[in-house]
2 protein chains.
Amino acid sequence: MEKQTATQIFESLSSGIRLDIYRFLVKRGLEGMVAGEIAAALELPPNNVSFHLKGMTHAGLVSVEQEGRFQRYRANLPLMLDLISYLTEECCAGQPEQCTDLKLASCCPEALLPPMNTPQK
Amino acid sequence: MEKQTATQIFESLSSGIRLDIYRFLVKRGLEGMVAGEIAAALELPPNNVSFHLKGMTHAGLVSVEQEGRFQRYRANLPLMLDLISYLTEECCAGQPEQCTDLKLASCCPEALLPPMNTPQK
DNA sequence: AATTTATTTCAATTACTCTTGTATAGTTGT
DNA sequence: ACAACTATACAAGAGTAATTGAAATAAATT
């Protein structure tokens, strides 16, 4: 991942509104949410929400799909995983014993994780 | 985690300089790095780096420890884990089958993960 | 005690971001 | 084609952040 990509993502999530939007979409999963619904749920002016959604789309955080006159937005979960990998690259100078705290949880605890012996990137 | 905490973290990492600093510190692990080394490594004015470190410390992203006249900074990894949990709370409306992509990697692949059946938070 | 070194603080300029209101584009149904 | 609805684009104002240089604090050295 390029540095600019990462900073764009963080900048996107540095706004309370955009963070709310993203978490909303994460909860919705593949179902996603239509722009109007998002605005209604957050009790915000639709044009403001649209403004933020545009930025998030440009950062790749969310995807858009046209549905008639509606625009359905979905969270881009894989990108978040790439971001985490980017952040923790070469973590702890390759000394695993320092990393015991760094056991990351899946978003869905029911989905058990396989043993992780594949080096990322 | 509170929303304001999360937005502060994201805002911190939305700057290329602060992102570089954080990743540097993550690589260093418990060893950390003193302020001057960080500035030298990134080829930036020390006062500028100090400015950014202050913000990162306030956001909780890094910790400081005084060592004589040096200030040693370390990345706060557990906070990052909390943040990820916060982001993926109630992910995919509780439908694990949508979350197959969301298998998060530890920073150190050598440290195998135990099965995760504990709901986070 | 004075000096060097490490780091932070402060002030000022510049640049950018957020919000709101208004206007425009595209889609659906009659 | 027309009207209603959904969503985005644009422009202006206020507010906020980033960078730089100069000065201050504080610890170690001479």
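Chain A is the first sequence line, chain B the second, and so forth, proteins listed ahead of strands; every chain is numbered from 1.
Here CG of A:Leu53 is found 6.5 Å from CE of A:Met56. Values are rounded to the nearest 0.5 Å.
Rounding to whole angstrom units, CD of residue B:Glu11 and C1' of D:dG15 are separated by 13 Å. Here the P atom of nucleotide C:dT8 and the CE atom of B:Met56 are 13 Å apart, to the nearest Å. Look at NE2 on B:His52: it is 13 Å from P on D:dA17, rounded to the nearest Å.
Two residues are said to be in side-chain contact when any heavy atoms from C-beta on lie closer than 4.5 Å; B:Leu61 and B:Ile21 fail this criterion. Contact of the B:Leu25 side chain with the B:Ile38 side chain is registered, since non-hydrogen atoms from C-beta on lie closer than 4.5 Å.
The hydrophobic cluster containing A:Phe70, built from Ile/Leu/Val/Met/Phe/Trp/Tyr side-chain heavy atoms closer than 4.5 Å, also comprises A:Val34.
Residue pairs that meet the side-chain hydrogen bond (donor to acceptor under 3.5 Å, both in side chains) test with at least one member in residues 53-62 of chain B, sequence neighbours left out, do not exist here. Screening residues 10-26 of chain A for side-chain hydrogen bond (donor to acceptor under 3.5 Å, both in side chains), with sequence neighbours left out, gives A:Arg18-A:His52, A:Asp20-B:Lys3, A:Arg23-B:Tyr86, A:Arg23-B:Glu89. Sorted by first and then second residue, the side-chain hydrogen bond (donor to acceptor under 3.5 Å, both in side chains) pairs involving residues 70-79 of chain A (not counting sequence neighbours) are A:Glu65-A:Arg74, A:Gln66-A:Gln71, A:Glu67-A:Arg72.
Of the residues in residues 15-24 of chain A, none lies under 4.0 Å from DNA chain D by heavy-atom distance.
When all heavy atoms are compared, the tightest approach of B:Ala6 to A:Leu19 is CB-CD2, 3.7 Å.
Between A:Gly68 and A:Ser14, the residue anchored nearer the 5' end of DNA chain C, judged by the nucleotide with its closest heavy atom, is A:Ser14.
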Can you give one letter per nucleotide of nucleotides 5-12 of chain D, 5' to 3': B if a protein heavy atom sits under 4.0 Å from the base, S if only from the sugar-phosphate, - if neither?
BSSBB---

